[in-house]
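The structure appears below as C-alpha cells.
One-based numbering, in listed order, for ligands and for the atoms of each. Note: hydrogens, waters and symmetry copies are ignored here, and every other heavy atom, side chains too, is used.
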Amino acid sequence: MESREATTTAGADAGSGSGAAGGGDAGVNSDYAAVVPVPGRVVMVVGEDIFAAERGSVLIHACNCLGSWGAGIALAFREKYPAAYNVYRAHCATRGNPSTLLGTALLIPPQLADAREHWIACLFTSVGYGRRVDAPDEILRSTKASLENMVAVIAGVENDDMPHGGASTTAILGTGIHEDTPEIGELHACKINSGRFGVDWERTKRVIEEVLTAEGKGRVVTAYEFSERQDVENFRREAMRRQRQQRGHWGWPRGGRGGRGRGRGMPAFIGFGPL
Ligand SMILES: Nc1ncnc2c1ncn2[C@@H]1O[C@H](COP(=O)(O)OP(=O)(O)OC[C@H]2O[C@H](OP(=O)(O)O)[C@H](O)[C@@H]2O)[C@@H](O)[C@H]1O
C-alpha cells in the first residue's frame, strides 16, 4: 500500500518496490531503488476538511507533552474524538517527566467510542504550550524526530510487528478498538506547528518532506489550508451530516477499501517509540 507513490513518482524503477517479497525479476532496478530514495511530498489542499478524510486515514497534528488539547485544531480533535483524547491524556500521564515524550509520536487507532474511524498521530513537538512553548528551532528538531518515529510506528503496524517502532515501547490499551480496525491509509495533516506553536509552516513542511523522503518510502502528506471561515463551513457540514445520520441514512463509510469488510485484525494497542 505504501508503495503507491513509488509507482507514480519513480515510474519504471518503482515496479521493484516489492522486490524483496516479489521474486526480484527487476534486479538492477531494485538495487537502484534501494539507493535512490523516492521523494516524499506535502500536497496542499484548500477548502477541504481534514476530518472528512477517508476511513482509515491518519490525521497528524502537533501536541504538547502535558496532556492538553486545549485550542486550535487540537480542540477540534478533542471534540470529535473524545476517546482518542483520553488515550493521549493517559499516555502523557504515564510520564513523571513529560519532556521524555518530546520527539516521539503516539499513533492512536480508531476508537470504538468515537464516531469517525481515523488513526490519529500525535507528534510531540513541544513540551509546553502557550507562553511555555518551546523555541521554533527546538520544535523543528522534535518534529523531525517525532515524524521519524511516526513512520517507524506505522511501518510496525503495517508489518504486524508492532508495537516496536525501533526501541523501548509500551503497549497501552485504548478505550476500545474496532474489531475490524481499518488498515492505515493516507497521511493527512493540518499545517502543524504553524498556529499556537508559532513556527513558520514552510520550515515544518521542509522537515516533513525530508523525513518522508529519507524514511517514508516517498509517502505523501496531504496538508490542509485552514481559515476561520472554513471552520464555520465545516461546522455547517458537520451539522448536516449528523442530521442525515439521525434520519436513518447509512452514515458510515463503506466497508473499507474496495469493500473488503474486515481489516487485518489490528492489535488493540497504541505504540510509541524511541525515547
Ligand atoms: N479545524 C481545522 N482544520 C484544519 N486546520 C485547522 C483547524 N483548526 C485549526 N487549524 C490549523 O491548524 C494549524 C495548526 O495550528 P494550531 O494552533 O491548531 O496548532 P499548532 O500545531 O501550531 O500547535 C499545537 C498546540 O496548540 C494546541 O493548543 P494548546 O496549546 O493545547 O492550547 C495543542 O494542544 C498544541 O499544544 C494552523 O494552520 C491552523 O490554522
Side-chain angles (χ1 to χ4, degrees), residues 42-54 57-82 84-93 95 98-106 108 114-116 118-147 150 186-208 211 221-242:
V42 172
V43 175
M44 299 301 305
V45 294
V46 183
E48 289 185 38
D49 178 10
I50 187 172
F51 299 111
E54 194 182 344
S57 298
V58 181
L59 311 189
I60 308 167
H61 70 137
C63 296
N64 59 68
C65 305
L66 302 178
S68 157
W69 286 357
I73 196 166
L75 180 57
F77 272 102
R78 197 176 88 196
E79 283 165 357
K80 291 175 203 295
Y81 308 86
Y85 171 65
N86 286 334
V87 174
Y88 156 78
R89 208 178 40 157
H91 181 63
C92 293
R95 300 301 170 101
S99 69
T100 57
L101 285 171
L102 207 58
T104 68
L106 172 70
I108 306 176
D114 290 337
R116 289 177 178 77
H118 291 133
W119 296 77
I120 298 177
C122 307
L123 306 181
F124 292 98
T125 67
S126 166
V127 179
Y129 56 96
R131 277 198 233 141
R132 290 173 176 262
V133 67
D134 292 354
D137 285 351
E138 278 173 61
I139 290 179
L140 286 168
R141 258 197 306 280
S142 307
T143 300
K144 180 162 186 287
S146 58
L147 280 165
M150 180 194 81
E186 311 282 337
L187 309 180
H188 298 256
C190 61
K191 286 161 62 176
I192 55 176
N193 298 331
S194 73
R196 267 82 188 164
F197 279 178
V199 180
D200 176 36
W201 165 241
E202 288 304 319
R203 296 185 73 194
T204 297
K205 186 175 162 203
R206 271 199 296 279
V207 169
I208 298 174
V211 173
V221 165
T222 303
Y224 292 70
E225 282 288 354
F226 180 80
S227 66
E228 300 304 319
R229 240 181 71 224
Q230 173 80 41
D231 207 15
V232 174
E233 175 61 12
N234 291 346
F235 185 77
R236 197 183 61 80
R237 283 200 202 143
E238 171 78 357
M240 282 169 56
R241 190 181 74 88
R242 282 221 194 100

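Enumerated by chain and number, the residues approaching ligand 1 to less than 4.0 Å through a heavy atom are I50, F51, A62, N64, S68, W69, G70, A71, G72, I73, A74, Y129, C190, K191, I192, N193, S194, G195, R196, F197, F226.
In this pair, Y224 and H188 present their aromatic rings tilted. The plane angle is within the 30 to 60° band. Under the 30°/60° scheme for interplanar angles, the aromatic rings of W69 and H61 are found to stand perpendicular.
Annotation for K191: atom NZ counts as buried by contact number, over 12 foreign heavy atoms lying within 6.0 Å.
A pairwise comparison of heavy atoms in L123 and S146 identifies CB-OG, 3.5 Å as the closest pair.
Under the 4.5 Å side-chain criterion, counting only non-hydrogen atoms from C-beta, Y81 is not in contact with Y88.
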Which pairs of donor and acceptor atoms, one on a side chain in residues 196-204, lie under 3.5 Å apart (sequence neighbours left out)?
| unit_1 | atom_1 | unit_2 | atom_2 | d |
| --- | --- | --- | --- | --- |
| R203 | NH1 | D137 | OD1 | 3.4 |
| R203 | NH2 | D137 | OD1 | 2.8 |
| T204 | OG1 | N193 | ND2 | 3.4 |

